[in-house]
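I have placed the structure first, in the form of structure tokens, so that the comments after it can refer back to it.
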Amino acid sequence: MQLVEIAAPDFDLPMTLNSGQVFHWDKAGAGFVGTIGDEPVYLEQREDSLVASGGDEELLRNYFALDHPLSEICASFPDDLAMSAAKKFCRGLRIIRQPKWECLATFICSSMKQVAHIRQIARKLREQFGEARKIDGHRVVHTFPSAKRIAAASEEQLRECALGYRAKNLLGTARAAASGEADLEWWSALSDIDLRARLCALPGVGAKIANCVMLFAYERLRAFPIDVWIERVLRKQYFPRARKLNAARLRAFTEEYFGDHGGYAQQYLFHHARMSKTKGKSSGRVAGLSPSRT
DNA sequence: TTCCAGGTAACGC
DNA sequence: GCGTTACCTGGA
């Protein structure tokens, strides 16, 4: 088999793949199997390098954003307790560059779902509508179905992938993307404001999902998705006594406080909060923060 | 078993 | 504007 080894300093592969930005990588041996675009790939981290079977160096470097100046990005984070703890915990976590349609479609499926379930839905969509590809001639993975392929399915067929009410939204968005009415590639040229507006006009896409897609597929590193995890952290850390704090105010705060790399800061806070919660069984609090009062 | 989750969009005030 | 509610499903 053809192995590629590339230098990958300041990079933590398992953490990056398990941080809730991408949902299709499966553990396999000492590494992971999945796809980058339509390329089937096996990946493994060996100290400061990334070893891959399938895919070339350029593809890997681009997908994992190995060119992001991580230390500079981290240095630009605001200096506070929650941020420092998250920064320490998430060393090597990178915001990757995902294919636009795949990212958009996956996040439409994510609403009101936990990570484990999003993974299941993504897997079913791939198995049902994607194409099988072999890695090293044996291990089979499936590509993510094109917008055209999803658009050709019926809502009923999509519901069989456990999408529930999301099926209608996914189908609507797939049709818009397949017809060219929503030209995801062309949208790269838009400003953050305009891009967000276009995304939010698609069925099943609100502010949160639009921000996820902007961050994970359009490399808009300021985009700051606010979900229930992040909201808990923000409230606890930055507004401990605020009685009323609506979405608009929260958004204004994150925009100003976290700045140009807000998306990275968000991802670090998010991943740290999730991992702290699920690790210590009994303590339902976020590590590094004060316990919640009831 | 029952509850509710990493959200959106429609509705009522 | 702002808060409330229905929408599907399966894991805890």
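Here is how names work: the chains are called A, B, and so on, in the same order as the sequence lines, proteins then strands, and each is numbered from 1.
Residue contacts for A:A248: at a heavy-atom cut-off of 4.0 Å it reaches no nucleic acid atom on any strand shown. When heavy atoms are screened at a 4.0 angstrom cut-off, A:G20 is found touching base atoms of the nucleic acid. Across all strands, A:L202 comes closer than 4.0 Å only to sugar-phosphate atoms, never to a base (heavy-atom distances).
The backbone N or O of A:Q21 lies less than 3.5 Å from a partner atom in the side chain of A:Q98, making a donor-acceptor pair. Of the possible donor and acceptor atoms, one in the side chain of A:H24 sits under 3.5 Å from a partner among the backbone N and O of A:T35. With hydrogens and angles disregarded, no donor-acceptor distance shorter than 3.5 Å links the side chain of A:T143 to the backbone of A:G130. Distance alone, capped at 3.5 Å, is enough to place a donor-acceptor pair between the A:S179 side chain and the A:A176 backbone.
Near DNA chain B, defined here as any heavy-atom distance below 4.0 Å, there are no residues from residues 250-266 of chain A. Listed by residue number, A:S111, A:M112, A:K113, A:Q114, A:V115 are the residues of residues 100-122 of chain A with a heavy-atom contact under 4.0 Å to DNA chain B.
Clustering of Ile, Leu, Val, Met, Phe, Trp and Tyr by side-chain heavy atoms under 4.5 Å joins A:M112 with A:Y165. Alongside A:V33, the hydrophobic cluster contains A:Y42, A:I135, A:V141 (criterion: ILVMFWY side chains under 4.5 Å).
Contacts of A:V115 classified as side chain to side chain contact (heavy atoms under 4.5 Å, CB included), with partners at least two apart in sequence or in another chain: A:F23, A:R119, A:R274. A:E255 is linked by a side chain to side chain contact (heavy atoms under 4.5 Å, CB included) to A:R222, counting only residues two or more places apart in sequence or in another chain. Residues meeting the salt bridge (charged side-chain N to carboxylate O under 4.0 Å, His left out) test with A:E39, sequence neighbours left out: none.
To the nearest angstrom, P of C:dC8 lies 11 Å from CD of A:E156. Atoms CG (A:L163) and P (C:dT9) sit 10 Å apart, rounded to a whole Å.
Evaluation of the ring-ring contact (aromatic ring centres under 6.0 Å, His included) test over residues 177-224 of chain A, restricted to residues two or more places apart or in two chains, returns A:F107-A:F216, A:F224-A:F258. Applying the salt bridge (Lys or Arg N to Asp or Glu O under 4.0 Å) definition to pairs two or more places apart or across chains, those involving residues 162-191 of chain A are A:K100-A:E185.
At a cut-off of 3.5 angstrom, counting only N and O atoms as typed in the model, there is no donor on one side facing an acceptor on the other between the side-chain of A:R166 and the base of C:dC7.
Between A:E231 and A:K208 no salt bridge is recorded (no basic side-chain N to carboxylate O distance below 4.0 Å).
Taking a heavy-atom distance under 4.0 Å as the criterion, the stretch of DNA chain B touched by chain A extends 5' to 3' from B:dA5 to B:dA9.
Secondary-structure annotation of DNA chain C gives the stems B:2-5 with C:9-12, B:7-13 with C:1-7, with a stem taken as at least 3 successive Watson-Crick or G-U pairs whose two distances both fall under 3.5 Å.
Closest-nucleotide positions on DNA chain B for A:S19 and A:C200 were compared, and the one nearer the 5' end corresponds to A:S19.
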Listing, residues 3-12 of chain A side-chain donor-acceptor contacts under 3.5 Å, not counting sequence neighbours, or none:
unit_1	atom_1	unit_2	atom_2	d
A:E5	OE2	A:S49	OG	2.8
A:D12	OD1	A:M15	N	3.0

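Spacing of P atoms, C:dT4 relative to B:dA5, comes out at 16 Å, to the nearest Å.
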